[in-house]
Protein chains: 2
Amino acid sequence: MPLPRADAEEYASWFRALADATRIQIVSLLARRRAPMSVGEIVAASGVGQSTVSHHLKILAEVRFVLVERQGTSSLYRINENCVSCFPTAADVVMGNPVPSAPTCE
Amino acid sequence: MPLPRADAEEYASWFRALADATRIQIVSLLARRRAPMSVGEIVAASGVGQSTVSHHLKILAEVRFVLVERQGTSSLYRINENCVSCFPTAADVVMGNPVPSAPTCE
DNA sequence: TTCATTTATCGAATATCGTCGATTTACGAT
DNA sequence: ATCGTAAATCGACGATATTCGATAAATGAA
């Protein structure tokens, strides 16, 4: 009768991706410049360590919130507009709308 | 130039409230029955310990996602429709829309 | 007041998370 | 092949979070 645990976990993993201030700053950074950014640029703009940025980018990429493309020696990250628009809302949660699993939304 | 840290923290605290599977189950439970539920009912329906449920309800109440009302010896919790609708979307985040602070939205 | 019931809080164990410095890997240039 | 740069991974540490059992606080009934 309650929301199945698996669905709840799926929802939670979405929200967890945006549950950290540094990740939100990175996401908003990538969204303002519409152009892809290298890790180095993000490090410079965000003011946290390189390994930390890399770690957060990995988490964001796992839910397809950002997309990566290697260009030579650097990795270019950009926002995934598709994933932004299919990110579940609070209303989706309380209504029990079908959970868009991350890989599905692009 | 980047999103101010304070705004990022505010956003993050919103998403953190729904970043746990148990809390999502509780929220969806309260939303399905439109009527208020006692802690005991939520405990029975969710299958986790009483102190755990009480803890999660406190977190959800702090962001005004649920509302409490003591009725005799029991506490009745219900979903806060206002807070559901003003919960930030991913689009809000990437666009840097003004952050609705929890106490503001009812 | 005393008792029973319901909920909140406390204390502790465990797990997860965020961050950093150091190292490793990947890649291009020399 | 060697070097240099950029990014990913590793290992560790402290901070937070989740969960539980036990206890305390609140409330109504006897």
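Residue numbers begin at 1 in each chain, while the letters A, B, ... track the order of the sequences.
Side-chain contact check for B:Phe87 versus A:Thr89: every heavy-atom pair is 4.5 Å or farther apart. Side-chain contact between A:Arg78 and A:Glu69: present, with at least one pair of heavy atoms (C-beta onward) separated by less than 4.5 Å. Two residues are said to be in side-chain contact when any heavy atoms from C-beta on lie closer than 4.5 Å; A:Asp20 and B:Phe15 fail this criterion. Side-chain atoms of B:Leu3 and A:Ile24, non-hydrogen and from C-beta on, do get closer than 4.5 Å to each other.
The nearest whole Å value for the distance from the CD atom in B:Gln71 to the C1' atom in D:dA26 is 15 Å. Distance CD (A:Glu69) to P (D:dA6): 18 Å, rounded to an integer number of Å. One atom, CD1 of A:Ile59, and another, P of D:dT9, lie 12 Å apart when rounded to the nearest Å. Regarding B:Arg70, its CZ atom lies at a distance of 9 Å from the P atom of D:dA26, rounded to whole Å. The distance from atom CD1 of B:Ile26 to atom C1' of C:dT7 is 14 Å, rounded to the nearest whole Å. Taking atom CD1 of residue A:Ile42 and atom P of nucleotide D:dA6, one finds them 14 Å apart after rounding to whole Å. Between A:Leu60 atom CG and C:dG18 atom P the separation is 10 Å, expressed in whole Å.
For A:Arg70, there are no salt bridge (charged side-chain N to carboxylate O under 4.0 Å, His left out) partners, not counting sequence neighbours.
Listed nucleotides D:dA8, C:dT9, D:dA17 differ in distance to A:Ser75; the shortest reach to its side chain belongs to D:dA8. Of the candidate nucleotides C:dT9, C:dA8, D:dT5, D:dT5 has the atom lying nearest to any side-chain atom of A:Thr73. Listed nucleotides D:dA7, C:dT7, C:dC17 differ in distance to A:Arg16; the shortest reach to its side chain belongs to C:dC17.
OP1 or OP2 of C:dT7 sits under 4.0 Å from a side-chain N or O of B:Ser38. OP1 or OP2 of D:dA8 has at least one side-chain nitrogen or oxygen of A:Tyr77 nearer than 4.0 Å. Between A:Arg23 and C:dC17 there is no side-chain N or O to OP1 or OP2 distance below 4.0 Å. Taking side-chain N and O atoms only, A:Ser54 has a distance below 4.0 Å to OP1 or OP2 of D:dA8.
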Exercise. I would like to know whether B:Val94 and A:Ser28 meet side-chain contact (heavy atoms from CB on, under 4.5 Å); could you show each step before the answer?
Key: CA-CA 5 Å; B:Val94 304; A:Ser28 89; 5.9 Å; no
Between protein and nucleotides 19-24 of chain C, what N or O pairs are separated by less than 3.5 Å?
from	atom 1	to	atom 2	distance (Å)
C:dT19	OP1	A:Thr22	OG1	3.2
C:dT19	OP2	A:His56	NE2	2.5
C:dC20	OP2	A:Gly49	N	3.0
C:dC20	OP2	A:Thr52	OG1	3.0
C:dG21	O6	A:Ser51	OG	3.0

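For A:Arg23 (side chain) and A:Arg16 (main-chain N/O), a donor-acceptor pair under 3.5 Å exists by modelled atom type.
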